[in-house]
Each structure stands twice: as structure tokens, then as C-alpha cells.
Amino acid sequence: MRQPFPKDFAYEHTYYDATKLLENFIFGIDIPTIAAINGPSIAHTEFALLCDITLAAETATIIDPHLPTGVAPGDGQQLTLQELIGTKRAAYHLYTGEPITARLALELGLVNEVLPAERLLPRAWELAETIMKSPRAARRLTHAIVQRPWKRRLVHDLGFGVAHEMFGISADRLLG
């Protein structure tokens, strides 16, 4: 764009992206999904956590650094943490930004397996090949069943979280 961005561009662009990317991932993909977290993250592992199966390398971490960097955590990671590890544990990590190691992620139920890095992708392919042996309808229907809680959670909570994050950013810019 050659002209300056409209005043509300950041809010509109970020809100739209944050909601639509997650919604499209959950509502638009109707086949089994497998994630492989191959190392430490600095933020936004929600797509990996939203997958049907999530594998992690031994060096992987899961983190939500929003609040420690001055932003309310509302664009997806908080939603996955609250759903998977519960409100109390999620609150701790949302307030502190403390990384969750791969081993702890396994104990908490965030990931299904922790593997040496060199085994991560071969294991993902092994699982995919096993799943592909089932009939197509069974695969898709199983995915629909597995994803149903995420669909409910996104419909009820995603817009609320993203709106609060965006309002906080906007208010800080106006008042700051």
C-alpha cells in the first residue's frame, strides 16, 4: 500500500487473522492431522496443540509469552492451554510465561509422545501410514469426533479472547 494504513488496520487485520486462521484450521480441514514440534518455541504452538495427534522433540517447549511482554493472551494459545491442562495450570503459564518442557507437556497431556529429534518426523509418517490403512470415511468421521470439542471451544471462546487482546493493545496505544 502506498497510502498510510487506516487507523484501525492493525486491529482489523490482526483480529481477522487470529480468528480466521484458527477457525479455518478447525472447521476447514476434515482429515486427521498430526503435528511435530521440533524444538523450542517462542510462542504460538496452538496449531500443533489443535492437531489430532501432537508429537514433540525432547527439546521442544510450549510457551505463551503474551503477558510478560505486556499483551493480554487471547489469540489462541490460551484457549488450547485452558482446554488441555485446565484453568488453574493454564493461568499459571499465562501469567508467568514459563515454558512447558516436552516432558512436562507429555505429563500434562499437551502432547502424545516425546521423541529424540531424529525420530520425530519418521514417527509422524509412521502414524500417518497407520491411519491411512483405515477406510476414508472412518478416518474423516473419527477426525470429526476428535475435533468436536475444539469446534465448541472456538465458537464460544476465541472471539472473546482475541477481542480482549486487541482491546488491550489498542487501549495501551491510546493511553500509553
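All residue numbers in this chain count up from 1 along the given sequence.
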Considering only heavy atoms from C-beta outward, does the side chain of [X] approach that of [Y] to under 4.5 Å?
| X | Y | result |
| --- | --- | --- |
| Pro68 | Thr96 | no |
| Leu22 | Leu79 | no |
| Gln147 | Ile29 | no |
| His93 | Asp64 | no |

Q: Any chance you could lay out the side-chain contact (heavy atoms from CB on, under 4.5 Å) test for Ile62 and Thr80, step after step, and finish with the verdict?
A: CA-CA 11 Å; Ile62 295 168; Thr80 57; over 6 Å; no

Kindly say whether [Y] contributes a backbone atom to a donor-acceptor pair with the side chain of [X] at under 3.5 angstrom?
| X | Y | value |
| --- | --- | --- |
| His143 | Arg139 | no |
| His66 | Ala72 | no |
| Asn112 | Thr54 | yes |
| Thr61 | Ser41 | yes |
| Asp52 | Thr33 | yes |
| Thr101 | Leu104 | yes |

Q: Go through the steps to decide whether Gln78 and Asp157 satisfy the test side-chain contact (heavy atoms from CB on, under 4.5 Å), and finish with yes or no.
A: CA-CA 10 Å; Gln78 93 296 348; Asp157 297 331; 5.9 Å; no

Please say yes or no: joined through hydrophobic side-chain contacts below 4.5 Å, possibly via intermediate residues, are [X] and [Y] part of one cluster?
| X | Y | result |
| --- | --- | --- |
| Val146 | Phe25 | no |
| Leu50 | Ile31 | yes |
| Val114 | Ile34 | no |
| Leu67 | Val162 | no |
| Ile53 | Leu106 | no |

If every non-hydrogen atom of [X] is compared with every non-hydrogen atom of [Y], which pair is closest and at what distance?
| X | Y | value |
| --- | --- | --- |
| Ala102 | Ala57 | CB-O, 3.3 Å |
| Ala36 | Leu121 | CB-CD2, 4.0 Å |
| Asp75 | Glu46 | O-OE2, 3.5 Å |
| Ala18 | Leu158 | O-CD2, 4.2 Å |
| Trp150 | Ile26 | CB-CD1, 4.0 Å |

Q | side-chain contact (heavy atoms from CB on, under 4.5 Å) assessment of Thr19 paired with Leu154 | A | CA-CA 9 Å; Thr19 56; Leu154 261 63; over 6 Å; no

**Q.** Ion pair Arg119/Glu126, N-O distance below 4.0 Å
**A.**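 Result for this pair is yes, salt bridge flagged.
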
Q.
Surrounding CZ of Arg140 (heavy atoms of other residues, nucleotides or ligands, distance under 6.0 Å), is the total greater than 12?
A.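 It does: Arg140 CZ has more than 12 such atoms within range.
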
Q. Is atom OH of Tyr92 surrounded by more than 12 heavy atoms (other residues, nucleotides or ligands) closer than 6.0 Å?
A.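 For Tyr92, atom OH is not crowded (no more than 12 foreign heavy atoms under 6.0 Å).
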
Q: Report the residue from Val111, Leu127, Ile37 that forms a side-chain contact (heavy atoms from CB on, under 4.5 Å) with Leu55.
A: Leu127

Spacing of [X] atom [atom1] and [Y] atom [atom2] [to the nearest 0.5 Å]:
| X | Y | atom1 | atom2 | value |
| --- | --- | --- | --- | --- |
| Leu110 | Leu49 | CG | CG | 5.5 Å |
| Ile100 | Thr45 | CD1 | OG1 | 8.0 Å |
| Glu23 | Leu21 | CD | CG | 9.5 Å |
| Arg148 | Arg152 | CZ | CZ | 5.0 Å |

Q: Could you check Glu58 against Leu115 for side-chain contact (heavy atoms from CB on, under 4.5 Å), going step by step and ending with a plain yes or no?
A: CA-CA 6 Å; Glu58 293 169 330; Leu115 304 149; 5.9 Å; no

Q.
Can you tell me which residue among Lys88, Arg89, Arg153, Gln77 is in a side chain to side chain donor-acceptor pair (under 3.5 Å) with Gln82?
A. Arg153

